Amino acid sequence: MNPSSFLTSPKNIIAVLLLLPLFSLTQETPASTELYRPQFHFTPHKGWMNDPNGMVYFNGKYHLFFQHNPDSTVWGPMHWGHAVSRDLVHWEELPIALYPDSLGTIFSGSAVIDSANTAGFGKNAMVAIYTNHNATLEKTGSDKFQNQSIAYSPDEGSSWIKYKKNPVLLNPGIRDFRDPKVFWYRPGKKWILTLATLDHITFYSSPDLKHWTEESRFGKNLGAHGGVWECPDLFALDDHGHPVWVLIVNLNPGGPNGGSATQYFTGSFDGHSFTPDDARIKWLDYGPDEYAGITWSGTGDRKIFLGWMSNWQYANRVPTQNWRSAMTLPRDLSIKKINDQYRIASLPVKEFSKTLHPVQQLSNRIVKNDLDLKSVTEGTFQLDLEGLSRTDFTIELSNTEGNKLAIGFDKKANRYFIDRTHSGSTDFSEVFAGKHVAPRLSSSQFINLKMIVDVASVELFADNGLTVMTSIFFPKQPFTNIRVKPANPLRIKELKLSKIHLPK
Ligand code: FRU
């Protein structure tokens, strides 16, 4: 039958109309043509994603597991999705690693390589330590619905076997009892597990990943407590040969710009307890859209951090279609002493620099009027500004639809800002539109800024990563125009605009 005669029958027309939605569902839009799909930040092919989980480096591969609801674009029964990268730039999504089971859904956690076979799962087994969340038990009114379990993979994360005697760490009756992060503490020859327990951290130790003993508790009366403590991490950074211990504690809500955010403490750890060296509240990222960030295990002294690029205030409502949420860029962490206080500096991993193709460079300029930079057709770029005078200025990103994003410095307040009030689609949440601010922590005379834009997000690394802000946005078209708008004459020592292309 030829198609035109097929469509003359009302019955056939109805059949086609009924089948059309089905057809369009199965015809997935290619990832690169979706309006808000980032080009170089990890996103799941489809479905919902939140926290990064089980990040572990082994045999030349960075594994990234993640909180995943494969069947919907909103949060739901949690699985561990899986992706790998050899260079922290290209990511390949693999089949789902962990599925919900009779003990519950699979909440956040970590993974380690058991090189000494302490657990007896085999030398170099990859072991995942995660929270089983039992929603059925929760409904009965019990407080003990979150317990820690383990699973192991004999083949680098391709297949997983859940431990028969799960759970391995039982809930004593704390409603928020989750997100185990484990590392091998060499001096004490034992595993240390850092757990978020409502409004504080509890440390446990184990010889074999199966039997856990409480070591100490930390933080009930320290740090930010505007919400529940989640997704902790404990590791040391090197300060000229001296270890500085860092305890990351994610917090939701209660962040510096509302909602979810990552705070950290610096101090010492003796294998039993963490002692802070400072009572002040410190934020790893001041923007609204970095959460649940933790570091990779298995990378030796190098500490690589990655967060979820969203905020629980509106994560379920952002206007993407086939998937929801991206991760931040992986970031290298280092420790700096600023005014006698330890601070973490974070910068995009050095591997990222191979994606950069400079398209415009200026040196030693005094900019008095607005300066238009080369347009960036893909809405992805890195802008590096060095040796800026400490005066008010704005970098405005815009498109032909009149959407704008303003990023800048306010001298009087000594603060950086990102204003997404007019950035495009904002009405999916009452709190999304707005101006977010972050203090300048550096006291150096000149400002350095690195800004990385990927279609629907900006990551701002100011003063070599001392002040960081991550923000997402949803313009009607990608931002292709960049304008430097000085309030007063602005000295720029170096400006470099680079396009970003992923090398094959
Ligand atoms: C943080 C968090 C974790 C929990 C997971 C559930 O974003 O709430 O505490 O394990 O998400 O998906």
Side-chain angles (χ1 to χ4, degrees), residues 44 47-55 64-82 96-100 103-111 128-135 137-138 143-151 167 169 171 174-182 193-202 219 224-233 248-255 258-263 284-285 288-294 305-318 323-328 470 472:
W48 163 270
M49 174 176 80
N50 56 295
D51 315 355
N53 294 149
M55 297 194 295
L64 166 63
F65 300 89
F66 52 91
Q67 288 288 277
H68 189 33
N69 185 4
D71 303 319
S72 164
T73 48
V74 294
W75 189 87
M78 285 292 110
H79 300 54
W80 271 27
H82 187 195
I96 289 174
L98 297 175
Y99 285 82
L103 295 174
T105 56
I106 317 293
F107 269 24
S108 288
S110 51
I129 308 99
Y130 56 90
T131 303
N132 262 134
H133 175 91
N134 190 331
L137 196 58
E138 184 183 12
D143 280 339
K144 301 184 178 177
F145 53 88
Q146 295 186 337
N147 296 281
Q148 318 318 316
S149 292
I150 58 179
L169 175 51
N171 191 319
I174 302 177
R175 285 185 68 79
D176 296 282
F177 189 75
R178 59 178 180 264
D179 309 339
K181 182 74 161 69
V182 172
L193 184 155
T194 308
L195 195 69
T197 46
L198 184 70
D199 56 357
H200 61 281
I201 295 300
T202 309
H225 281 278
V228 68
W229 283 20
E230 300 183 317
C231 300
D233 193 2
I248 284 183
V249 177
N250 286 279
L251 172 77
N252 178 55
S260 328
T262 305
Q263 65 174 320
L284 210 132
D285 188 316
D289 296 304
E290 180 285 304
Y291 191 57
I294 46 169
F305 172 93
L306 181 100
W308 172 46
M309 202 151 58
S310 197
N311 189 314
W312 280 117
Q313 286 184 314
Y314 42 72
N316 277 289
R317 282 178 280 156
V318 296
W323 88 100
R324 272 215 176 84
S325 302
M327 295 299 182
T328 66
T470 303
I472 57 175

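Please read these numbers as outputs of a predicted model, since none were measured by experiment. Both counts, for ligands and for their atoms, begin at 1 and track the order of listing.
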key: Aromatic ring pairing His82/Phe65, orientation class (parallel under 30°, perpendicular over 60°, tilted between)   = parallel
query = Do the side-chain N and O atoms of Glu290 and Thr262 include a donor-acceptor pair separated by under 3.5 angstrom?
reply = yes
ask   = Any idea which part of Trp308 is under 4.0 Å from ligand 1, heavy-atom wise: side chain, backbone, both or neither?
value = neither
ask   = When the ring planes of Tyr99 and His79 are compared, do they come out parallel, tilted or perpendicular, using 30° and 60° as the limits?
value = perpendicular
message = Counting only heavy atoms closer than 4.0 Å, does ligand 1 sit against the backbone of Asn50, its side chain, both, or neither?
response = side chain
Shortest protein heavy-atom distance from atom 8 (O) of ligand 1, along with the residue and atom involved = Glu230 OE2, 2.9 Å
ask   = Looking at atom 10 (O) of ligand 1, what's its closest protein heavy atom, distance included?
value = Asp179 OD1, 2.6 Å
message = Within the 3.5 Å criterion, strictly below it, is a donor on Thr202 or Thr197 matched to an acceptor on the partner's side chain?
response = yes
key: Asp289 side chain to Ser310 side chain, donor-acceptor N/O pair below 3.5 angstrom   = no
task = Within a distance under 4.0 Å of any heavy atom of Met78, pick out the atoms of ligand 1 and give their elements.
result = 12 (O)
key: Tyr291: numbered ligand 1 atoms lying under 4.0 Å from its heavy atoms   = 1 (C), 7 (O)
query = Side chains of Trp80 and Asn53: do they bring a donor and an acceptor to under 3.5 Å?
reply = yes
request  = Check whether any heavy atom of Trp312 sits under 4.0 Å from an atom of ligand 1.
outcome  = yes
inquiry  = With a cutoff of 4.0 Å, is Asp51 in contact with ligand 1, counting heavy atoms of the residue only?
reply    = yes
ask   = Taking distance alone, with no angle check, do Arg178 and ligand 1 share an N/O pair under 3.5 Å?
value = yes
task = Please determine if Asp179 and Lys181 form a salt bridge, counting it only when a charged side-chain N lies under 4.0 Å from a carboxylate O.
result = no
inquiry  = List ligand 1 atoms under 4.0 Å from Ser108, heavy atoms only on the residue side.
reply    = 5 (C), 10 (O)
task = For atom 12 (O) of ligand 1, find the nearest protein heavy atom and state the residue, atom name and distance (0.1 Å precision).
result = Gln67 OE1, 2.7 Å
key: Residue pair Gln67 / Phe107, side-chain heavy-atom distance below 4.5 Å   = yes
